[in-house]
Amino acid sequence: MWVANFIFTYCATVCPTMTANMAQLQKKAKEAGVDVELVSFSVDPEQDSPEALKAYLGKFAADFSNWHALTGYEFDEIKTFLLRSFRATIAKDAASEQVIHDTLLYLVDQNGKVVARYDGMTDPPYDEIVEDIKLLQK
């Protein structure tokens, strides 16, 4: 199972907070002895190279042994994937060159199904997420 979020490296608004919160979730899961993969999908794959994503997540002390940053697809591919798999939408903001996306953390079970959504910005429920992961591992 894994926890996913959507980010881009030059985000001027929500991504730094969401990424810091994902790093905190990684720390809390490790402290609880919970084995979970974290996946951050770039919502601007044209600009986010693997190296840029690694450098960006590195600023938040990401442990890459279980935190993966994905890019290398087309914008339309990630847009379709997010809509179909997460029921989430993204859009390019022509006025600011930013990408508009949600700020949720998604818990995905062993079958690839989204089973829970959590606030990834304001007071993420770390303990609840860790407990939900434990329940799925039983």
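Counting begins at 1 with the first residue of the sequence. Since this is a predicted model, take the numbers as computed values, not measurements.
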Practice item. Please list, chain by chain and in numerical order, all residues satisfying ring-ring contact (aromatic ring centres under 6.0 Å, His included) with Phe60, sequence neighbours excluded. Key: Tyr56
Review point. Hey, is CZ on Arg117 packed in by over 12 heavy atoms from elsewhere, all under 6.0 Å?
Key: yes
Review point. Can you hop from Leu70 to Phe64 via hydrophobic side chains spaced under 4.5 Å?
Key: no
Practice item. Considering non-hydrogen atoms only, spot the tightest contact between Pro124 and Asn21 and give its length. Key: CG-ND2, 3.5 Å
Exercise for review: State, yes or no, whether a side-chain contact exists between Trp2 and Tyr106 at a heavy-atom distance under 4.5 Å.
Suggested key: no
Practice item. For side-chain contact (heavy atoms from CB on, under 4.5 Å), just list the numbers for Trp67 and Thr19, CA-CA rounded to whole Å, side-chain angles, deciding distance to a tenth of an Å, and then say yes or no. Key: CA-CA 11 Å; Trp67 190 346; Thr19 304; 4.0 Å; yes
Review point. Is it the case that Asp35 and Gln137 place a side-chain donor and acceptor less than 3.5 Å from each other?
Key: no
Review point. Are Phe41 and Tyr73 close enough, and set up right, to give a ring-ring contact (aromatic ring centres under 6.0 Å, His included), and what steps lead you there?
Key: CA-CA 10 Å; Phe41 292 92; Tyr73 33 79; 7.1 Å; no
Review point. Do Lys54 and Glu51 meet the salt-bridge criterion of a basic N to acidic O distance under 4.0 Å?
Key: no
Review point. Would you say Ile7 and Asp48 make side-chain contact, with heavy atoms under 4.5 Å?
Key: no
Study note, to complete from the structure: dist Glu128:CD -> Leu107:CG (nearest 0.5 Å) comes out at 10.0 Å
Review point. Where do Phe75 and Val99 come nearest, in terms of heavy atoms and distance?
Key: CE1-CG1, 4.2 Å
Check your understanding: If you measure from NZ on Lys138 to CG on Leu136, what distance do you get to the nearest 0.5 Å?
Key -> 11.0 Å
Exercise for review: Look at atom CD of Glu97 and say whether more than 12 heavy atoms of other residues, nucleotides or ligands are closer to it than 6.0 Å.
Suggested key: no
Check your understanding: Would Cys15 and His101 satisfy side-chain contact (heavy atoms from CB on, under 4.5 Å), going step by step from the backbone distance to the final call?
Key -> CA-CA 10 Å; Cys15 298; His101 60 92; 3.3 Å; yes
Review point. Distance from Asp93 atom CG to Gln98 atom CD, nearest 0.5 Å?
Key: 7.5 Å
Exercise for review: Please report the closest heavy-atom contact between Asp102 and Met18, naming both atoms and the distance.
Suggested key: O-SD, 4.0 Å
Study note, to complete from the structure: All heavy atoms of Pro45 vs all of Ile78, minimum pair found to be CD-CG2, 4.3 Å
**Study point:** Over all atoms of both residues, closest heavy-atom pair of Thr71 and Ser49
**Key:** CG2-C, 3.9 Å
Check your understanding: Should Phe81 and Val43 be counted in the same cluster of Ile, Leu, Val, Met, Phe, Trp and Tyr side chains packed under 4.5 Å apart?
Key -> yes
**Study point:** Stepwise side-chain contact (heavy atoms from CB on, under 4.5 Å) check, Gln47 with Phe8
**Key:** CA-CA 8 Å; Gln47 294 204 41; Phe8 59 107; over 6 Å; no
Practice item. Look up atom NZ in Lys92 and atom CD1 in Ile100, then write down how far apart they are to the nearest 0.5 Å. Key: 12.0 Å
Check your understanding: Just how far is it from atom CD of Glu77 to atom CG of Leu82, taken to the nearest 0.5 Å?
Key -> 11.5 Å
Check your understanding: In Å and rounded to the nearest 0.5 Å, what is the CD1 to CG distance from Ile133 to Asp109?
Key -> 12.0 Å
Point to revise | Hydrophobic cluster identity match, Val39 and Met121, side-chain contacts under 4.5 Å | key: no
Practice item. Report yes or no: do Val14 and Leu104 belong to one cluster of Ile/Leu/Val/Met/Phe/Trp/Tyr joined by side chain heavy-atom distances under 4.5 Å? Key: no
Review point. Does the side chain of Glu31 come within less than 4.5 Å of Val130's, by heavy atoms?
Key: no
Exercise for review: Identify the heavy atoms of Asn66 and Val36 that sit nearest to each other, and give their distance.
Suggested key: ND2-O, 2.7 Å
Point to revise | Met1 reachable from Val115 in the ILVMFWY side-chain graph, under 4.5 Å edges | key: yes
Exercise for review: Look only at the side chain of Gln26 and the backbone of Leu38, and say whether a donor-acceptor pair between them is shorter than 3.5 Å.
Suggested key: no
Point to revise | Min side-chain heavy-atom separation Phe6-Ile90 under 4.5 Å | key: no
Check your understanding: Can you check side-chain contact (heavy atoms from CB on, under 4.5 Å) on Tyr10 and Asp44, steps first, answer last?
Key -> CA-CA 9 Å; Tyr10 62 95; Asp44 193 357; 2.3 Å; yes
